[in-house]
Amino acid sequence: MKKFFHLCLILFFVAGLLGAQSAAGGGKKAPAVSPDISAVADAAASVEVPSADLETLKTEVIKDYVVVNGDSLREISEAVFKDYRLWPIIWFTNQDSIPNPEVIEKQQEFKIYKLPFNVGAYSAVEKLLIGEAYLRAYAAYVKAGPDWLAKRRWVLLEALAFKPQLFSADAARIDAEDIAWYQKRGSN
């Protein structure tokens, strides 16, 4: 099953690279476009993850979780997986019941699934999967509106640990203002 998971992720990654290359004119740099913010959210959320990958994330429930006062997905991820940075996986696998990754309420219930990889020793393919979960969470923050600007930018910075080429490889899925903000950060 793990080999199948890795194969699916590699195919997903290669397809994404080919799509980005064709969108950029066969490897040429794409012109800077300032997309409508809702278009960015729709584009980021609509990228299809092969169903086998999604099913791999949802294979075995390890815990039915009930939110207690003061919980956050980061704290839950730290408690369950010993790595707070995996919170987008919890959100991604429960996005039907958690529309905004930052808003969970006391007594809310969701499932925590066994990870299809070892925590801490992430392969390149596993990092791609985690990076994709971050991009989906970013899209949810964009969709939630301008009040979540700081949070969505923090999500992009966290994602860099898993996808160092995020701002170039996934530029079409990131709001132009967020790209400009990131570039400005690098020049300071």
Side-chain angles (χ1 to χ4, degrees), residues 1-17 20 44-45 47-68 70-98 100-104 108-142 148 150-171 173-174 178 182 185-186:
M1 182 69 171
K2 194 170 186 174
K3 285 182 182 181
F4 179 72
F5 166 74
H6 285 149
L7 178 61
C8 289
L9 283 175
I10 290 168
L11 292 173
F12 173 68
F13 177 69
V14 170
L17 286 177
V47 171
E48 289 191 35
V49 175
S51 60
D53 295 348
L54 183 56
E55 293 308 311
T56 300
L57 286 174
K58 291 184 162 187
T59 56
E60 182 182 337
V61 174
I62 58 170
K63 186 172 191 138
D64 287 315
Y65 195 85
V66 179
V67 176
V68 297
D71 266 349
S72 73
L73 292 180
R74 286 168 184 81
E75 291 167 344
I76 296 166
S77 178
E78 179 65 31
V80 174
F81 300 130
K82 307 299 183 232
D83 189 341
Y84 81 91
R85 299 172 309 160
L86 299 178
W87 68 266
I89 301 251
I90 296 172
W91 170 79
F92 184 69
T93 56
N94 290 281
Q95 59 186 311
D96 55 330
S97 61
I98 309 172
N100 182 327
E102 212 60 40
V103 180
I104 56 175
Q108 184 175 0
E109 297 179 24
F110 54 85
K111 298 186 180 315
I112 298 179
Y113 295 88
K114 181 179 179 185
L115 297 173
F117 48 80
N118 294 324
V119 174
Y122 309 114
S123 71
V125 173
E126 292 160 351
K127 286 181 180 181
L128 288 174
L129 177 65
I130 297 166
E132 180 60 30
Y134 270 98
L135 277 167
R136 298 293 179 98
Y138 168 78
Y141 283 112
V142 169
W148 300 100
K151 291 289 187 180
R152 80 181 198 212
R153 288 180 174 172
W154 185 253
V155 167
L156 291 172
L157 292 178
E158 283 185 334
L160 289 171
F162 301 99
K163 279 189 101 171
Q165 303 302 327
L166 177 77
F167 284 92
S168 56
D170 295 294
R173 298 172 64 193
I174 302 171
D178 292 337
Y182 178 72
R185 278 179 43 89

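In this chain, numbering begins with 1 at the start of the sequence shown. Every heavy atom of this structure was used, including side-chain atoms; hydrogens, water molecules and symmetry mates were not.
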Can you tell if the side chain of R173 reaches within under 4.5 Å of the side chain of Y138, non-hydrogen atoms only? no

Using a 4.5 Å cut-off on heavy atoms from C-beta on, say whether the side chain of I90 contacts that of V80. no

Rounded to the nearest 0.5 Å, what's the gap from [atom1] on [X] to [atom2] on [Y]? Could you check?
X	Y	atom1	atom2	result
Y122	L86	OH	CG	4.0 Å
D178	F167	CG	CZ	7.0 Å
L166	Y182	CG	OH	8.5 Å
K63	F110	NZ	CZ	10.0 Å
I104	I98	CD1	CD1	6.5 Å
F92	I130	CZ	CD1	12.0 Å

Any idea which heavy atoms bring [X] and [Y] closest together, and the distance?
X	Y	answer
E126	F117	OE2-CB, 2.9 Å
A161	R85	CB-NH1, 3.9 Å
K163	K127	CG-O, 4.4 Å
Y141	P101	OH-CB, 3.7 Å
D83	S77	O-OG, 2.6 Å

So, D71 and Y65: side-chain donor and acceptor under 3.5 Å apart, yes or no? yes

Mind checking salt bridge (charged side-chain N to carboxylate O under 4.0 Å, His left out) for D64 and listing every partner two or more places apart, or none if nothing turns up? K111

R74: what forms a salt bridge (charged side-chain N to carboxylate O under 4.0 Å, His left out) with it, not counting sequence neighbours? E102, E158

So V155 and W148, side chain to side chain contact (heavy atoms under 4.5 Å, CB included) or not? Walk me through it. CA-CA 11 Å; V155 167; W148 300 100; over 6 Å; no

Please list, chain by chain and in numerical order, all residues satisfying side-chain hydrogen bond (donor to acceptor under 3.5 Å, both in side chains) with Y113, sequence neighbours excluded. none

Near-ring test Y134/W87, centroid separation under 6.0 angstrom: yes

